[in-house]
Amino acid sequence: MLTHIKQVANHVGESVRLGAWLYNKRSSGKIQFLQLRDGTGYIQGVLLKKNVSPEVWEQATTLTQESSLYVDGTIRADDRAPSGYEMDVTGIEVIQEAEEYPISLKEHGVEFLMDKRHLWIRSRRQAAILRIRSVIISAIQDWLNGQGFTLVDPPVLTPSSCEGTTNLFHTKYFDEDAYLTQSGQLYMEAAAMALGRVYSFGPTFRAEKSKTRRHLIEFWMIEPEMAFVEHEESLQIQESMLSHVVNHVLKSCKTELEILERDTSKLEKVTGSLPRITYDEAVELLNREGMEFTWGDDFGAPHETKIAESFDQPVFITHYPTQIKAFYMKPDPTRPEVALCADLIAPEGYGEIIGGSQRIDDPKLMAERFNEHELSQEDYAWYLDLRKYGTVPHSGFGLGLERTVAWICGLDHVRETIPFPRMLNRLYP
RNA sequence: UCCUCAGUAGCUCAAUGGUAGAGCGCCCGGCUGUUAACCGGUAGGUUGCAGGUUCGAGUCCUGCCUGAGGAGCCA
C-alpha cells in the first residue's frame, strides 16, 4: 500500500512507502535532500549518510530530476519543512532513472514551455491552476444541480452556424458540410422547453485569428438556459452562481492560491450581488473619462477595461443597443432599441466572462429577425418550432471557463488555464 | 488581416561594426539542514533562413520564416 503525500500528517512516526517523482535534489557531502512530489503534494526526503546503507546512499546520489521512485521512510514532523513534515528515507526503489529533464527550475520562455506543455503541467504552479480549474467546474455543477438544473449535452458537430457571425471550423460529415460548435445555446433553448432549467458544459470552437491573452481557439463554456426566467432573475442567478464559485475556491483551494500568490482580498469582495451599469451609463462613463465613444457602437477591449476599472468586482453591463447584439435577444418592451441582455466584465482586465440575455419568445418577431439577418428559416426550422409549440419567456447565459479560471487564479494569460491550449499557431502537443 | 517587439550554447540572457561571453542545467570534484542551496572544474556555438553593404556583420540594409501581445472579433 502506498501512502499519499497529502495524507502524511496521519502517519507521523510510521514507516510508509510513497510513489513519487524527484523534482529536485540538494546534497551536502553527508546529507541529501530529495524533493518529492506524487501529484497530491510535496515532501522533502532526508538521507543522512551515517544512517542509511551505502547502497541507498549511492542510489540517491545518482538520481536525476523527474526520476520515478518508490521511496520508503519514516514520517517526521519538522518545523523547518514548509509543509510541516519530512520523511527520513530508508530505501529507494528506482522505477526509472529519467533522461535529462528539459525543464529546469530556472526561468523559461513561453514558446519553450508551450512546446513542453506535457511536462510543464508537472510544475507546482501549473498543477495548482489545473486543480483550481477542476474545483471551479465542480463548484459550478454542484451549484446548478442544487438549483434544479439538468445537465444536457448539445452536439459538437453542427450543420451550420448558430449565430452566423464568427468563423467556424469546417469539416465533412460524410457527404455533407459540418462545423464544430461555437455555442450550444440554440439547442439548450430546445432543452429548456423540455426540462425547464438546463445547462451544458463542453468545448467550443472559434476559428478566429485572435491573438491575445484572453483568447483560445478551443475553450469550454457553461451555458445555462432557463424556461420561465426573465432578464432580472437571470442576472440574480448569475451573480449567486459566481459568488458561490468564488467562495468555494477561496475555501477549498487555499494552498493552490498561495502557490499562485493570488491576492485573495480582491476575490473576497465577491459576496452576493454584483454592480450593474447600463450601456447608456457606460457610454457616459467613457465620455466622462475622456474616451470618445458614440452611442450605438460596440465596446472594444480598451473600453471594457476602462469600465471594469471603475469597479472592484465583476460588473454587469446591461441593455446594449439591439442593433449590435445577437438576433435572438429580446428587445426591452419599454424601450425596443435596447435588448434585455448583460455582459459580465471581470475586474483586472480579464474581459467578458459571461454573456447572456432574455430570448425572443414571440414567433413573429423571431421571423422578422431571421429576415433582417438573412438567416435561413429552412435550416433553422427546428429552432423556430420552439416558438410555435408553447413558447414561454426564457433566458440564458454562457460563462467562459478559461477566462473565469484566469481571473480567479490571477493569471496573465488564459493559455495556462487549460491543460493543452489550442491557440493560433499552437496545435502541439 | 493590421500594428509593435523579439530570434545568439539544452534553458534564460550579454556582447560601440573589430578575438562570441555569463548564469543555470548536464558531467566531475568539495561541503552535515539545504529551500530555484552553495563553492571549484570540464564539455557545450552554422548568432532563425537567404541575399546585400563593408577591409571586417551577432550588430547596418532588403526579403522571408518563427514566436510574443495588442487591434479587429469574441467568452
Side-chain angles (χ1 to χ4, degrees), chain A residues 23-35 42-52 57 61-62 64-66 76 78-83 86 88 98-116 119-120 123-125 163-168 182-185 203-223 297-305 314 324-326 343-346 349-356 397-407 412-415 417-418 423-426:
Chain A
Y23 80 85
N24 196 16
K25 187 180 71 175
R26 302 183 195 93
S27 65
S28 182
K30 289 174 184 153
I31 187 167
Q32 296 191 64
F33 301 100
L34 308 181
Q35 311 301 323
Y42 303 84
I43 194 166
Q44 175 164 272
V46 183
L47 287 89
L48 277 169
K49 192 169 189 178
K50 63 178 183 186
N51 291 350
V52 299
W57 179 262
T61 59
T62 62
T64 53
Q65 189 186 358
E66 287 301 311
R76 170 172 50 72
D78 194 311
D79 291 339
R80 289 169 292 192
S83 71
E86 287 189 340
D88 287 322
E99 292 180 29
E100 187 179 337
Y101 193 63
I103 301 180
S104 73
L105 300 174
K106 292 276 181 177
E107 290 168 28
H108 294 287
V110 171
E111 189 184 4
F112 176 79
L113 288 170
M114 289 308 303
D115 281 339
K116 304 275 184 274
L119 303 175
W120 188 23
S123 74
R124 194 189 284 250
R125 205 181 141 77
E163 296 186 19
T165 51
T166 53
N167 300 317
L168 302 173
Q182 61 160 355
S183 166
Q185 185 206 311
T204 307
F205 307 87
R206 304 270 166 97
E208 299 275 346
K209 303 251 173 176
S210 299
K211 204 163 129 50
T212 80
R213 67 185 66 195
R214 299 184 301 278
H215 288 90
L216 294 170
I217 300 300
E218 176 183 305
F219 65 98
W220 289 64
M221 276 210 293
I222 289 95
E223 296 186 275
D297 290 344
D298 204 354
F299 298 129
H303 303 117
E304 280 188 358
T305 304
I324 56 170
K325 282 296 186 180
D343 286 352
L344 185 69
I345 313 297
Y350 288 98
E352 182 184 343
I353 54 175
I354 294 181
F397 59 95
L399 177 143
L401 178 65
E402 285 75 16
R403 285 189 184 175
T404 304
V405 175
W407 164 57
D412 59 13
H413 202 297
V414 289
R415 65 182 157 230
T417 64
I418 187 167
M423 298 181 292
L424 202 67
N425 308 324
R426 173 65 60 183

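Chain identifiers are assigned alphabetically (A, B, ...) following the order of the sequence lines, protein sequences preceding nucleic acid strands; residue numbering begins at 1 within each chain.
Base pairing of A20(B) is not made with any nucleotide, judged by Watson-Crick or G-U wobble geometry with both donor-acceptor distances under 3.5 Å. Using N1 to N3 plus N6-O4 or O6-N4 for Watson-Crick, or N1-O2 and O6-N3 for G-U wobble, each under 3.5 Å, A75(B) pairs with nothing. Base pairing of U42(B): no nucleotide in any strand meets the Watson-Crick or G-U wobble criterion (both distances under 3.5 Å). A36(B): no Watson-Crick or G-U partner with both key distances under 3.5 Å is found in any strand. A14(B) is unpaired under the Watson-Crick or G-U wobble criterion, no partner having all donor-acceptor distances under 3.5 Å. Pair check for U66(B) finds A6(B); Watson-Crick or G-U wobble, both atom distances under 3.5 Å. Using Watson-Crick or G-U wobble geometry with both donor-acceptor distances under 3.5 Å, A57(B) finds no partner in any strand shown.
Among the protein residues, R80(A) comes within range of the nucleic acid bases, having at least one heavy atom under 4.0 Å from a base atom. As judged by a 4.0 angstrom heavy-atom cut-off over every strand, R426(A) is placed among residues making no nucleic acid contact. Contacts of F112(A) with the nucleic acid, taken as non-hydrogen atoms under 4.0 Å apart, involve only primed sugar atoms and P, OP1 or OP2. Heavy atoms of L48(A) sit under 4.0 angstrom from at least one base atom. Using a 4.0 Å heavy-atom criterion, one finds that H413(A) contacts the sugar-phosphate atoms exclusively. As judged by a 4.0 angstrom heavy-atom cut-off over every strand, D79(A) is placed among residues making no nucleic acid contact. Within 4.0 Å of G109(A), counting heavy atoms only, lie sugar-phosphate atoms of the nucleic acid but no base atom. Nucleic acid contact class of N425(A) (heavy atoms, under 4.0 Å, all strands): sugar-phosphate only. K50(A) comes within 4.0 angstrom of a nucleotide base, judged by non-hydrogen atoms across all strands. E107(A) comes within contact range of at least one nucleobase, with a heavy-atom separation under 4.0 Å.
Counting distance only, with no hydrogens placed and no angle test, the side-chain atoms of K211(A) and the base atoms of A71(B) include no donor-acceptor pair under 3.5 Å. For Q32(A) and U34(B), a side-chain-to-base donor-acceptor distance below 3.5 Å is absent, hydrogens and geometry of angles not being considered. With hydrogens and angles left out, the side chain of S210(A) and the base of C73(B) share a donor-acceptor pair within 3.5 Å. At a cut-off of 3.5 angstrom, counting only N and O atoms as typed in the model, there is a donor on one side and an acceptor on the other between the side-chain of H215(A) and the base of C74(B).
Counting only heavy atoms from C-beta outward, the side chains of M423(A) and R415(A) approach each other to under 4.5 Å. Side-chain contact check for F219(A) versus R206(A): some heavy-atom pair is nearer than 4.5 Å. H108(A) places none of its side-chain heavy atoms less than 4.5 Å from the side chain of W120(A). By the 4.5 Å heavy-atom criterion applied to side chains, W407(A) and P314(A) are counted as neighbours. Residues W220(A) and E402(A) form a side-chain contact, since some pair of their non-hydrogen atoms from C-beta on lies under 4.5 Å apart.
By the stacking rule of 5.5 Å between ring centres and under 30° between planes, F219(A) stacks on the base of A75(B).
Spacing between atom NZ of K116(A) and atom P of C11(B) amounts to 8 Å, rounded to whole angstrom units. We find that CZ of R214(A) is positioned 7 Å from P of G70(B), with the value rounded to whole Å. One interatomic measurement links the two molecules: NZ of K25(A) to P of A36(B), which rounds to 18 Å at whole-angstrom precision. For the pair L216(A) CG and C73(B) C1', the interatomic distance rounds to 15 Å; values are reported in whole Å. Put simply, CE on M114(A) is 15 Å from C1' on U66(B), counting in whole angstrom units.
Looking at Q32(A) and T61(A), their side chains never bring a donor and an acceptor atom within 3.5 Å of each other.
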Scan nucleotides 22-31 of chain B nucleotide by nucleotide, 5' to 3', and note B when protein non-hydrogen atoms come under 4.0 Å of the base, S if they reach only the sugar-phosphate, - if neither. --SSS----B
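Under the rule for a ring pair (Phe, Tyr, Trp, His ring centres under 6.0 Å), H413(A) has no partner lying at least two apart in sequence or in another chain.
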Distances under 3.5 Å between nitrogen or oxygen atoms of protein and nucleotides 42-48 of chain B:
none

